[in-house]
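Have a look at the structure below before the remarks.
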Number of protein chains: 2
Amino acid sequence: MIELDEIDRKLLAALARDATQNASALGRRFGLSQPAAWRRIRRLQDGGAIKGRRLRLNTEALGFGVTVFLGVKLARKGRVSLEDFERAVSAIPEVQTVEHILGLYDYRLRVVARDLADFERVLRRRIMTLPGAGEVEANVLLSEERRPGPLG
Amino acid sequence: MIELDEIDRKLLAALARDATQNASALGRRFGLSQPAAWRRIRRLQDGGAIKGRRLRLNTEALGFGVTVFLGVKLARKGRVSLEDFERAVSAIPEVQTVEHILGLYDYRLRVVARDLADFERVLRRRIMTLPGAGEVEANVLLSEERRPGPLG
DNA sequence: GATGAAAACACACCGTA
DNA sequence: TACGGTGTGTTTTCATC
């Protein structure tokens, strides 16, 4: 487990919010010179505290207005079945996230589609035909708020 | 809705995977000069196709080894109740995502904790006491795969 | 698409605790 | 040994042509 001091936490929180901020701006904000801030960020990256930097796309503006969460129960839960299921799910382009979970459902999928008609197509032709898929529960996303989390 | 050509889609997909790539590397990959690639990315940002750039933290390495998804049903669902609930949820640092959804549950929360004992504390002292919260379902995250989505 | 100024990065080196 | 500051070469960004 990685130990962080106060400044590391502030840097990570700031960058988790907006990764476009540069080392000199962050340094000014937290009382460091540009190289000092840069070295800390570099050290956090090398130490594995940072998984990566990603662009967040505006899927709605890009024509994908519908996001649905699917809870999926597997009918058969053997080892092979899990792998078959995961491999088949990974081949569906509309699936953004595959979460293997413990609880009432076995998997949770985040699926995007152009509209509800498009989602129905994905559901009928892609999801319902997945190997081993049993019961499916759907929740349509109305709105979403992302928060910094306990580190921010 | 924003219209994209083939190259725009490739640029967005590449950056959604890894936003550290610079304009000249992307240009080389997709047959553009560095300024041409840079201008396209700039245009996509200004046009609103891009929501932002974020650092993805390695929450496990940082001491938060447990992620739980909570489905929450509200007991009372008046307009006031929704707002009260959302405001109260936003004050819990362990909550990373608040999703207002349509279906069997009203909200879906992504919660991180140091371990299961820590999660129990959050559940008992924070979640169960939320105003209007009724039934709660929990799913512990085992593993997660993020995929580029239909644009990638 | 090419060019060049401005900005940011990335490293070496030194000082301090 | 660990961390921060200063100075500086290099790379990237970004505007103009």
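Letters A, B, ... are given to chains in the order of the sequence lines, protein chains preceding strands, and every chain is numbered from 1.
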Next on the checklist: Regarding B:R108 and A:E99, does a basic nitrogen lie under 4.0 Å from an acidic carboxylate oxygen?
Outcome noted: yes
Checklist entry - Are A:D118 and A:R121 ion-paired here, with the side-chain N under 4.0 Å from a carboxylate O? => result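 Counted as a salt bridge, because a side-chain N and a carboxylate O are separated by less than 4.0 Å.
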Using atom [atom1] of [X] as one end and atom [atom2] of [N] as the other, report the distance to the nearest whole Å.
X	N	atom1	atom2	answer
A:D8	D:dA2	CG	P	15 Å
A:R28	D:dG5	CZ	P	13 Å
A:L4	D:dC3	CG	P	12 Å

Checklist entry - Taking only side-chain nitrogens and oxygens of B:W38, does any of them come within less than 4.0 Å of OP1 or OP2 of D:dT13? => result no
Item to check | A:R42 side-chain N/O to C:dC9 phosphate OP1/OP2 under 4.0 Å | outcome: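 Answer no for this pair, as no side-chain N or O of A:R42 is under 4.0 Å from OP1 or OP2.
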Checklist outcome for this item: Taking C:dC9, D:dT13, D:dG7 as options, the one with an atom nearest any side-chain atom of A:A23 is C:dC9
Checklist outcome for this item: Per atom distances to the B:N22 side chain, the nearest of D:dT12, D:dT6, C:dA8 is D:dT12
Checklist entry - When you match B:L32 and A:Q21 each to their closest nucleotide on DNA chain C, which lands nearer the 5' end? => result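 Of the two residues, B:L32 wins.
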Checklist entry - Hey, which of these two, A:R39 or A:S24, hits DNA chain C nearer its 5' end, going by closest nucleotide? => result A:S24
Next on the checklist: What contact category does B:S33 fall into here, base, sugar-phosphate, or nothing, at under 4.0 angstrom with non-hydrogen atoms?
Outcome noted: sugar-phosphate
Checklist entry - Could a donor-acceptor pair under 3.5 angstrom be found where the side chain of A:Q34 meets the base of C:dA7? => result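 Checked by distance alone, the answer is no.
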Item to check | Distance-only donor-acceptor test, A:R40 side-chain atoms vs D:dG4 base atoms, 3.5 Å | outcome: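 Between D:dG4 and A:R40, which were checked side chain against base, a qualifying N/O pair under 3.5 Å is absent.
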Next on the checklist: Quick check: is B:V140 connected to A:L70 through a chain of hydrophobic side chains (ILVMFWY, heavy atoms under 4.5 Å apart)?
Outcome noted: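 No: no chain of side-chain contacts under 4.5 Å links A:L70 to B:V140.
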Checklist entry - Does A:F69 have A:R110 sitting over its ring (NZ/CZ under 6.0 Å from centre, angle to axis within 45°)? => result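 Cation-pi check for A:R110 and A:F69: fails.
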